[in-house]
Q: 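Structure in structure tokens, see below.
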Amino acid sequence: MCVACLRTQVDISEGIPKQVSVHFCKQCERYLQPPGTWIHCALESRELLTLCLKKLKASLSKVRLIDAGFIWTEPHSKRLKVKLTIQKEVMNGAILQQVFVVDYVVQSQMCEDCHRVEAKDFWKAVVQVRQKVLHKKTFYYLEQIILKHRLHQNTLRIKEIHDGLDFYYGSKQHGQKMVEFLQCTVPCRSKASQRLISHDIHSNTYNYKSTFSVEIVPVCKDNLVCLSPKLAQSLGNMNQICICVRITSTVHLIDPKTLQIAEVDGNTYWRNPFNSLFHPKQMEEFIVMDIDIIRDVKQGAGAGTRSNKHTLAEAWVQKTSEMNTFQQYHCRTHLGHLLNVGDLVMGFDLANCNLNDEYINKMNQHHIPDVVLIKKIYDRTKRQRRRNWKLKEMDRDREGMDTDDERQYQDFLEDLEEDELLRKNINIYRNANVPVESDTDEEGAPRISLAEMLEDLHISQDATGGDGAEMLTE
């Protein structure tokens, strides 16, 4: 029999189905790869072709597959067409080659993950991050660190409440990974618990929901703290009254009288806890009447390291609310490199306040300063107008953002401008809507240089998996 007649008599594609169904989840846009794996595949991609051919794996075992490719169909048609070229040896050693088309019908089916989301029973683990303070500076810093390392991608939901954040996860392992990351990022302690939801006595399988509680130390940047005598001595015989200048993986403290600096990690803090002496709103505005730089400072025995980024000075200050009186206060400050006569500065008034702290009440009154200066004041409106950078934010459920939250967020942005060490761990993006100006203004307010900023790129890709549009800068 000749080859032409052989082709009319023998169909080598017999036994291979010409119409097959594939399952697609509309919510997460994934395809089912039997038996239970859901994978992301772009239309006409190599991954989708592999998935389609696996549906015919048993049927194709008797023939030799030469070529396979998609035939274009409308994206909304719920049809995929794959053109196959196969070969098979028939009678008398003759090899036939045949080209045919297999139709795949895309059927909608909700995957297990989306099904549980719709049933409101979607999380297996929750990480509850709490900090018992009135200011959210540490959480703003934590948010940027999470965004930089992309740890928010595995979360099912992020909920913001009045004193912290809740991260919901679909697996316990993702929750444990988040807790380990927090322990490396901020000084904290954690507890874990789990609740039994159901269990199967025949297969001995248990279904738990896990809860991880993470408590961050209740100290924020610019807080005034009083250390215990034992802790102050162990940190290099520094004074008990210190200022928290930064919160990273440790609490960074500075002694405003000697410029001595120290770091307190989470374990040390929980063994010797200390609290903020003042509420942030109790900070008062002072004006510098006179200031003298202190050049030589004698260090005591066993003293620790001193800060090279600050300058020790003695200052006479007066409250702006008491300008009609002659009441002035003398203090030592670590802001000698920033302050000049006539500058406005925020600080805490210890001479006219009633403090309720066990350590400061036992201190000698002569060792307690009248005033502790915290930070210099710049024109906030001008700084906002000239700020040519921005930060990204996590998508989260908010209880409502009031004006106090907005003010605290502006404080955090100003802290980033003033502290180079704080912003080195954070991705800062250039805001193309604000014109580029010089790095310093006439007031000398610190600003972030263009070299430290990133371009905010948006890479788009079309539905067919081909090359997308050009990259845009926001």
Q: Ignoring hydrogens, what is the shortest heavy-atom contact between Phe278 and Cys353? Give both atom names and the distance.
A: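 Closest approach of Phe278 to Cys353, heavy atoms only: CZ-SG, 3.7 Å.
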Q: Classify the side-chain pair His174/Ser171 by whether it contains a donor and acceptor separated by less than 3.5 Å.
A: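 Judged by distance alone, the side chains do pair up.
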Q: Can you confirm whether Lys209 sits close enough to Gln194 that some side-chain heavy atom of one is under 4.5 Å from a side-chain heavy atom of the other?
A: no
Q: Are Asp166 and Ile158 packed together at the side-chain level, in the sense that at least one heavy-atom pair is separated by less than 4.5 angstrom?
A: no
Q: Indicate yes or no: at least one non-hydrogen side-chain atom of Val126 is less than 4.5 angstrom from one of Tyr169.
A: no
Q: For residues Ser190 and Gln183, is any side-chain donor paired with an opposing acceptor at under 3.5 Å?
A: yes
Q: What distance do Phe139 atom CZ and Tyr409 atom OH have between them, rounded to the nearest 0.5 Å?
A: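 Between atom CZ of Phe139 and atom OH of Tyr409 there are 15.5 Å.
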Q: Taking atom CG of Leu355 and atom CD1 of Ile368, what is their separation to the nearest 0.5 Å?
A: 7.5 Å
Q: Could you please spell out the steps behind the side-chain hydrogen bond (donor to acceptor under 3.5 Å, both in side chains) verdict for His310 and Ser307?
A: CA-CA 6 Å; His310 298 85; Ser307 172; 2.7 Å; yes
Q: A side-chain contact here means heavy atoms from C-beta on lying under 4.5 Å apart; do Ile293 and Leu312 qualify?
A: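 Side chain of Ile293 against side chain of Leu312, heavy atoms only: no contact under 4.5 Å found.
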Q: Would you say the side-chain atoms of Gln107 pair up with the backbone N or O of Phe24, donor to acceptor, closer than 3.5 Å?
A: no
Q: Would you say the ring centroid of Phe212 lies under 6.0 angstrom from that of Phe167?
A: no
Q: Do Leu165 and Lys159 have side-chain heavy atoms sitting under 4.5 Å apart?
A: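 Side-chain contact under 4.5 Å: no.
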Q: Strictly by modelled atom types, are Gln318 and Glu322 linked by a side-chain donor-acceptor pair under 3.5 Å?
A: no
Q: Given side chain to side chain contact (heavy atoms under 4.5 Å, CB included), test Ile146 with Phe181 step by step and report yes or no.
A: CA-CA 9 Å; Ile146 290 171; Phe181 172 77; 3.8 Å; yes
Q: Could you state the interatomic distance from CG (Leu227) to CE (Met238), rounded to the nearest 0.5 Å?
A: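 Result: 6.5 Å between the selected atoms.
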Q: Would you sort out whether Asp343 and Tyr378 count as a side-chain hydrogen bond (donor to acceptor under 3.5 Å, both in side chains), showing the intermediate values?
A: CA-CA 9 Å; Asp343 284 348; Tyr378 299 99; over 6 Å; no
Q: Which value, rounded to the nearest 0.5 Å, describes the distance between Asp290 atom CG and Asn340 atom CG?
A: 11.5 Å
Q: Does the gap between the ring centers of Tyr31 and His23 come in under 6.0 Å?
A: no
Q: Counting N and O atoms only, with roles assigned by atom type, does the side chain of His279 sit under 3.5 Å from a partner on the main chain of Lys281, one being a donor and the other an acceptor?
A: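 Flag set: sc His279 to bb Lys281 pair under 3.5 Å.
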Q: For the residue pair Gln260 and Leu235, what are the closest heavy atoms and their distance?
A: NE2-O, 3.5 Å
Q: Is the closest basic N to carboxylate O distance between Arg246 and Asp222 below 4.0 Å?
A: no
Q: Kindly confirm or rule out a cation-pi arrangement of Arg430 over Trp389, judged by NZ or CZ under 6.0 Å from the six-membered ring centre and within 45° of its axis?
A: no
Q: Is the closest side-chain heavy-atom distance between Ile287 and Lys319 below 4.5 Å?
A: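 Sidechains of Lys319 and Ile287: no contact.
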Q: If only side-chain N and O atoms count, and only distance matters, is there a donor-acceptor pair under 3.5 Å linking Asn352 with Tyr329?
A: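 Yes, because at least one side-chain N or O of Tyr329 sits under 3.5 Å from a partner of the opposite role on Asn352.
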Q: What are the two closest heavy atoms between Cys226 and Leu277, and how far apart are they?
A: CB-CD2, 4.0 Å
Q: Any chance you could lay out the side chain to side chain contact (heavy atoms under 4.5 Å, CB included) test for Val129 and Leu182, step after step, and finish with the verdict?
A: CA-CA 9 Å; Val129 187; Leu182 291 172; 3.6 Å; yes
Q: Only one of Lys132, Gln131, Lys191 clears side-chain contact (heavy atoms from CB on, under 4.5 Å) with Glu215; which?
A: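 The option that passes is Lys132.
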Q: Is the closest side-chain donor-acceptor distance between Ser213 and Gln128 under 3.5 Å?
A: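 No donor-acceptor contact under 3.5 Å links the two side chains.
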Q: According to the interplanar angle, ranging from 0 to 90°, do the rings of Tyr140 and Phe412 count as parallel (below 30°), tilted (30 to 60°) or perpendicular (above 60°)?
A: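 It falls in the tilted class, 30° to 60°.
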Q: Main chain of Ile241, side chain of Asn239: is a donor-acceptor contact present, judged purely on distance under 3.5 Å?
A: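 Side chain of Asn239 to backbone of Ile241, a donor-acceptor pair under 3.5 Å: no, none is there.
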Q: Can you measure from NE2 (His334) to CD1 (Ile261) and round to the nearest 0.5 angstrom?
A: 11.5 Å
Q: Would you sort out whether Trp270 and Val217 count as a side chain to side chain contact (heavy atoms under 4.5 Å, CB included), showing the intermediate values?
A: CA-CA 8 Å; Trp270 297 116; Val217 297; 3.9 Å; yes
Q: Knowing that exactly one of Asp415, Thr185, Asn425 qualifies, which makes a side-chain hydrogen bond (donor to acceptor under 3.5 Å, both in side chains) with Tyr141?
A: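 Only one of Asp415, Thr185, Asn425 forms a side-chain hydrogen bond (donor to acceptor under 3.5 Å, both in side chains) with Tyr141, namely Asn425.
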Q: Looking at Lys148 and Glu143, is any side-chain nitrogen of the basic one under 4.0 Å from a carboxylate oxygen of the acidic one?
A: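 Salt bridge flag = no for Lys148 with Glu143.
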Q: Might you point out which heavy atoms bring Arg306 and Thr258 nearest each other, and give the distance in Å?
A: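 Reported closest heavy-atom pair: NE-O, 3.0 Å.
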Q: So which heavy atom on Leu156 is nearest to which on Gly170, and how close?
A: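 Heavy atoms only, the tightest pair is CD1-N, 3.5 Å.
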Q: Please evaluate residues Tyr359 and Gln240 with respect to the criterion side chain to side chain contact (heavy atoms under 4.5 Å, CB included), reporting the C-alpha separation (whole Å), side-chain torsions for both, the decisive distance (0.1 Å), and the verdict.
A: CA-CA 8 Å; Tyr359 299 129; Gln240 288 180 244; 4.1 Å; yes
Q: At what distance, to the nearest 0.5 angstrom, does CD1 of Ile377 lie from CD of Glu414?
A: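 That separation rounds to 10.0 Å.
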Q: Would a distance-only check, ignoring hydrogens and angles, find a side-chain to backbone donor-acceptor pair under 3.5 Å from Tyr269 to Phe274?
A: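 Indeed, once roles are kept as given, a pair shorter than 3.5 Å links the two residues.
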Q: For the side-chain hydrogen bond (donor to acceptor under 3.5 Å, both in side chains) test, which of Arg407, Gln408, Glu406 pairs with Gln410?
A: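 Looking at Arg407, Gln408, Glu406, the match for Gln410 under the side-chain hydrogen bond (donor to acceptor under 3.5 Å, both in side chains) is Glu406.
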Q: Can you name the nearest heavy-atom pair linking Lys221 to Ile247, along with the distance?
A: N-CG1, 4.1 Å
